[in-house]
Asks: 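Have a look at this one.
In listed order, ligands and their atoms are each counted from 1.
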Amino acid sequence: MRLFLAIRLTPELKGALIDVQNVWYDMGVRGRFTPEENLHLTLAFIGEYPDPEAVLDALKAISFAPIPLTPDGVGAFGDLWWAGVSGGPALTGAARRVRRALAEAGIPFDRKRFSPHITLLRRASVSSPPPVAAAPVSMSADTITLFRSDRGKNGMLYTELGSIRATQSGDS
Ligand code: ATP
Ligand code: MG
């Protein structure tokens, strides 16, 4: 199964991101807009891996502080457009710990440098994203979730398989 670790977003933050999608749409931008229920922030992409329990076991070893998140601009990787997120040292620290725990358990994951972003649009019809500022909504994430990703009839289907919670101390 195809696995990834991500942070779920509050309805308020999702709403602010949907507003950005709508501004682009009204400007004439077309493509595959991520549906609201699929908006998330990926911390580590594992990909094809048969053992979700092993992933959850590996994560039990880490602790992380609650992560403050707020939108921070928009950008693109080719024709994939995203909203940036800032989460300060709590976010970079959590991503580092998650990835280290996976590495120590011998679980493969994509090792590209962590670049916190929320995918809003794929196959954009326009070459670069018009700068639109999301409403300055903030949230605090206290859960990291393991998802499996399946290609459904109507787009991607992400299913929660388990999660770990923040501790106050955040050290490990
Ligand atoms: P699709 O690839 O069919 O457009 P998707 O990207 O939403 O759909 P997945 O490819 O399963 O679904 O990816 C799940 C999550 O992991 C997404 O947030 C995606 O951006 C991220 N992701 C996928 N591949 C990688 C990768 N190689 N490195 C880092 N993150 C990735
Ligand atoms: Mg993908």
Asks: Give the protein residues with at least one non-hydrogen atom closer than 4.0 Å to an atom of ligand 1, ordered by chain and number.
Replies: R2, F4, H40, T42, F45, D110, K112, R122, S149, R151, M156, Y158
Asks: Shortest non-hydrogen contact from P130 to W24?
Replies: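 Where P130 meets W24 most closely, the heavy atoms are O-NE1, 2.9 Å.
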Asks: Taking ring pair (Phe, Tyr, Trp, His ring centres under 6.0 Å) as the test, write out the residues that go with Y49, two or more places apart.
Replies: none
Asks: Going by the angle between their ring planes, with limits at 30° and 60°, are Y158 and F4 parallel, tilted or perpendicular?
Replies: perpendicular
Asks: Calculate, to the nearest 0.5 Å, the distance between atoms CD1 and CG belonging to I164 and L146 respectively.
Replies: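 Reported value, rounded in 0.5 Å steps: 10.0 Å.
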Asks: Between D79 and R123 (salt bridge meaning N to carboxylate O under 4.0 Å), is one present in this structure?
Replies: no
Asks: Inspect the surroundings of CZ in R30 and state if more than 12 heavy atoms from other residues, nucleotides or ligands are less than 6.0 Å away.
Replies: yes
